Each structure stands twice: as structure tokens, then as C-alpha cells.
Amino acid sequence: MTRTYSLLSPRFALVTLAAAALVGLALAAALSTNEGARADGHATGGETLVVTPNEADFVPGTRSSRTAVWIYGSGFNPSQSVLVLIADQRGVATDVGALSGVDVVANDDGAFGFEWTFGRFTRTGVGGEGMQSVRAVDAGSFDELATAPLALCNLSGRAEDAEVPSHCSA
């Protein structure tokens, strides 16, 4: 009768496999860089968006408004096309760059800026008083890159005894 001997027991094989997996994970973690925000090649990971003033007089239900805010962005890829969006009362994203007649494209330094006049955004059923997030998204992939807060407050059209919402300063 012939006997066969195995030099590799099942237990030893399992321990060796587990050790190799741990070494592989440790090596992958050591060699990786934090490229999560740049995975699609569109975002730098350092994009910022600023709306100034960040509280604006917004009288809902008016035909048109001359109130304006400035929207600035930086940290974008040079020549990157960006959509600057705000949600209307129905939750539909409105491109404020298009409303302003501006094709928002980052310059050679990765920055942009434009003035947004509310205009018809104040009409009934369109924009509303409240705390809003202005969002910058990549025009090609619609990946969200940066956000900025904007408080839309009825500063001039509110009755004297009316309660001021918590997001408004006066």
C-alpha cells in the first residue's frame, strides 16, 4: 500500500492565504493616495463656491426683481464648464448662470464669477423665501462639486408685526 503525504495542510494553507490578503491590503493602503475626489478626472477636490451677500432681499410673488447676488467659484479645473443651480419651489434645479446669460467656465486659474439678478425667479410658483443651497455641478457629468448657502428673506415686503424666519437676520 502506498501512502501519500501532503506538505501543506488545509489549516496552514488557510492561514497563509489570510496573511497574504492582509499584506496585500496593507500594501495597497500604503501605496494609495487620496484621489477620491479626482476619480472621474473632472474635480480637483478643492472647489469652493461663495455667494455674496449670503442673505438677499427676496419678495416672493413679484413679477420681477432687481435684487442681485454675486456668485464666485475657485479651485476648478481650468476651462471646466460648470452649472450653477438653485432649486425652485417645486424642487426643480434652475441654472442661474443661464438665467444670467452667462456660460460659466473656469478661467486659467480655475476661477469664475458672475452676478445673478433674481429677475423672474421671484414670480409666484417659481422661487420662494427660504434657506437655499446654491450648487456648482460639472456640466458634463452633473457631479456636485461645491455648495454655498443663500438665505432668501423678504426683508422689504414683510409686515412690521410679521414673524421673521429663523434663517433671516431681520
Side-chain angles (χ1 to χ4, degrees), residues 27-158 163-170:
L27 185 61
L31 296 176
S32 71
T33 59
N34 188 7
E35 296 282 334
R38 298 175 55 141
D40 62 2
H42 292 287
T44 66
E47 298 88 355
T48 59
L49 189 67
V50 175
V51 179
T52 185
N54 58 6
E55 180 181 69
D57 189 15
F58 189 87
V59 183
T62 57
R63 183 170 181 214
S64 187
S65 173
R66 293 184 182 188
T67 302
V69 295
W70 278 89
I71 300 173
Y72 301 101
S74 65
F76 295 84
N77 288 327
S79 302
Q80 183 176 13
S81 186
V82 178
L83 299 176
V84 179
L85 307 173
I86 189 169
D88 65 14
Q89 285 184 323
R90 297 176 307 263
V92 176
T94 300
D95 183 357
V96 299
L99 288 178
S100 302
V102 176
D103 185 23
V104 183
V105 177
N107 65 12
D108 291 340
D109 291 328
F112 64 83
F114 66 95
E115 183 180 37
W116 173 39
T117 302
F118 293 154
R120 296 182 298 189
F121 192 74
T122 58
R123 288 189 175 181
T124 303
V126 182
E129 183 178 22
M131 194 68 205
Q132 298 287 333
S133 286
V134 179
R135 300 177 302 131
V137 300
D138 182 273
S141 66
F142 294 100
D143 290 333
E144 189 168 294
L145 304 172
T147 62
L150 174 60
L152 299 176
C153 301
N154 190 352
L155 301 174
S156 60
R158 188 180 312 283
E163 186 176 330
V164 177
S166 60
H167 66 273
C168 300
S169 63

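Just so it is clear, the model here is predicted, and its values are computed rather than measured. Sequence positions, counted from 1, serve as the residue numbers for this chain.
Under a 3.5 Å cut-off, the side chain of Thr67 and the backbone N or O of Asp57 do form a donor-acceptor pair. Ser100 contributes no side-chain N or O that, together with a main-chain N or O of Val102, makes up a donor-acceptor pair within less than 3.5 Å.
Of the inter-residue distances, the one linking Leu152 atom CG with Asn54 atom CG reads 11.0 Å to the nearest 0.5 angstrom. Note that CG of Leu145 is 11.0 Å distant from OG1 of Thr48, once rounded to the nearest 0.5 Å. Taking CG of Asp138 as the start and OG of Ser81 as the end, the distance is 7.5 Å to the nearest 0.5 Å. Separating the CD1 atom in Ile71 from the CD1 atom in Ile86 is a distance of 7.5 Å, to the nearest 0.5 Å. Rounding to the nearest 0.5 Å places CD of Glu129 at 6.0 Å from SG of Cys153. Taking OG1 of Thr147 as the start and CD of Glu47 as the end, the distance is 11.5 Å to the nearest 0.5 Å.
Residue Val82 comes nearest to Ala136 through the heavy atom pair CG1-CB, 3.8 Å, listed as atom of the first residue, atom of the second, then distance. Across every non-hydrogen atom of Trp70 and Gly113, the tightest pair is CZ3-C, 4.5 Å. Of all non-hydrogen atoms in Ala68 and Pro53, the two that sit nearest each other are O-CD, 4.3 Å. Scanning all heavy atoms of the two residues, the minimum distance from Phe121 to Ala87 falls at CZ-O, 4.0 Å.
In this structure, Phe112 and Phe76 have tilted ring planes: the angle between them lies in the 30° to 60° band.
Screening residues 108-124 for side-chain hydrogen bond (donor to acceptor under 3.5 Å, both in side chains) gives Thr62-Thr122 as the qualifying pairs, with residues at least two apart or on separate chains.
Counting only heavy atoms from C-beta outward, the side chains of Val51 and Pro149 never approach each other to under 4.5 Å.
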